[in-house]
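All remarks here apply to the structure that follows.
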Amino acid sequence: MPIYSTTQQEIAEKIEHGSEISHWEDWRWHIRHTIQDIGTVERLLGIEFPEKKRKQLEETVERFPLRITPYYLSLIQADDYENDPVFMQAFPSEKELIVESYDMADPLAEDTDSPAACITHRYPDRVLFLVSNVCAMYCRHCTRKRKVGDVDSIPDDREIREAIAYIADHPRIRDVLLSGGDPLMLPDDRLDWILTELQAIPHVEVIRIGTRAPVVLPYRITEELAAILARHHPLWINTHFNHPREITTSSKQALARLADAGIPLGNQTVLLAGVNDCPRIMRSLMHKLVQNRVRPYYMYQCDLSEGLAHFRTPVGKGIEIIESLIGHTSGFAVPTYVIDAPGGAGKIPIMPNYLISWSTNKVVLRNYEGVISTYREPDCYLPVYCDRNCEECSLQLKLEDADESKAVGIEKLLSDYDETITLVPQDTDRIDRRNDD
Ligand SMILES: *Cc1c(COP(=O)(O)O)cnc(C)c1O
C-alpha cells in the first residue's frame, strides 16, 4: 500500500478538490498539474511573497520558465523554504537575471560542436543526442537553460531522423547518450522507436539515457516503461540526485524497478552553493545512492551558463568534498569530480594530489589520513618499444577488427611510435613570426 505524506494529501486536495489521492501515483496526473506560476506555488505551500519580490520572480519566469511537479513540490519543507534544497533547485531566484561578464549562453559550445540536428559530437566515439527539450521539472541550475521549454527547439521527426542518420553514417560512434530535456518525457512508443533505430545500427555498442525522472517524477518509471527499456540492452541510465532528501520511498521504488530491469544506474550530481556544498551532505547522498544500486558517476562543478552565478562554488569546495570521500568511504561511492570546460574542451577530472614526489625508482604518496608512504618501482621492467604493430607483439590483443586510431593529445606525446614532441598553440606571436619567414 502506498503511503502518502500529509503534505502530499494536502497538495493533491488543493490542486484538484475532491480528487482521488490515488492519482498521486499516475505520472500523467503530475504532468497535467505541473506548477508553472508563482501564485500557485504560494497557494500550495501556504506562503506569500512581498509584492516587489513577486514581480521580480515573475520577470525571472518570463526569461527562464518555471515548472515543478506536485510530487517534487511536496518534498519542500515550507516552514524553512528559503533554505530548502528542493525549493532552491525548483523555484526561481531573481538572481538568475544577473549575468556576470564571464557567463556564457552556451559555455560548453554544444551548438558549435553540432554537426547535425540534435547532435553534439565532441568526443571521437560517442555523441550527445538531444531527443526532447522538455522536462517534468525545470532545474534552476540547468546548463541548457537557453533551450529548455523553448517551443522553437522541440525536435521534430525530421530532425530525429537526421540525427539517427548522422550516427549511422559515422562508424566510430559506439556510444549514444540520449539527453535533452528529459528523454523519459517522450511517450513510451516514441522512445521505443528511437531506441530500436539506434540499436539497429551495427556500430552502436551502448545507449545511455540521462534523466531526472526518478528524482522529480518517479511515477514515470512504470512497469511498462521498465519492460520497454529492458528490450534495448546494453542500456545504461544516469540520473541526477543532488541531495539526500530527494531519496524517498517513491524514488527508491523507481530506482529498484530500473535496476531490476537489469539497467546499470549512475548518478550525476551538480555541486550547488546552498544546496549540497557540504562534505556531510554529499557523503550521505553517495551512501543513499549506493544503497539503492546507483553508482555515483560524476560530480560537476557548476557551469558558466547565464544566470547560475549564485549557485557556483569555488573549485576548492569540490576538492574538499572529494578529499572527504576518498579513503573515508567505499571506492564505488566516490564520483569523479569534473569541470565541463568552456569552449567545448569537455569534462576534465579534478582530484586532490596524492602523489607527493618521486625519484627514478620510488614514488612518495600520501593517503587520506595523512600517512606518507613510498612505493618502490621495479628494477626489472623492460620498456618495450611500441610501434602499434599488435600482430608482432607478445601481448595478445587479438581483436579481429582492432580498430586502430592514432594517438591524440598527451597520449601522443607519451607514445613511442609518434615523433611529436610538443603540442603548440598556433595563435602566438612566436608562431606567427615563424609562419612569416
Ligand atoms: C558528457 C558528454 C558526453 C559523455 O561523456 P562521458 O565522460 O563519456 O560520460 C558525450 N558528449 C558530450 C557532448 C558530453 O557533454
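Along the sequence shown, residues carry numbers from 1. Whatever order the structure lists them in is the order used to number ligands and atoms, beginning at 1.
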So salt bridge (charged side-chain N to carboxylate O under 4.0 Å, His left out) across residues 271-293, not counting sequence neighbours, yields D260-R293
**Asked** Is R212 salt-bridged to D182, cutoff N-O under 4.0 Å?
**Response** no
Determine, for D188 against R220, whether the closest basic-nitrogen to carboxylate-oxygen distance falls under 4.0 angstrom.
yes
Quiz item: For Y219 and S250, does a side-chain donor sit closer than 3.5 Å to a side-chain acceptor?
Solution: yes
Backbone N/O of I207 and side chain of Q199: donor-acceptor pair under 3.5 Å
no
Residues D84 and F87: closest non-hydrogen pair is OD1-N, 3.1 Å
Pick out the protein N or O atoms lying less than 3.5 Å from any N or O of ligand 1, and list each pair with its distance.
{"residue": "ligand 1", "atom": "7 (O)", "partner": "Y298", "partner atom": "OH", "Å": "2.5"}
{"residue": "ligand 1", "atom": "8 (O)", "partner": "R126", "partner atom": "NE", "Å": "2.7"}
{"residue": "ligand 1", "atom": "8 (O)", "partner": "R208", "partner atom": "NH2", "Å": "2.8"}
{"residue": "ligand 1", "atom": "9 (O)", "partner": "R208", "partner atom": "NH1", "Å": "2.9"}
{"residue": "ligand 1", "atom": "9 (O)", "partner": "Y297", "partner atom": "OH", "Å": "2.5"}
{"residue": "ligand 1", "atom": "15 (O)", "partner": "K347", "partner atom": "NZ", "Å": "3.1"}

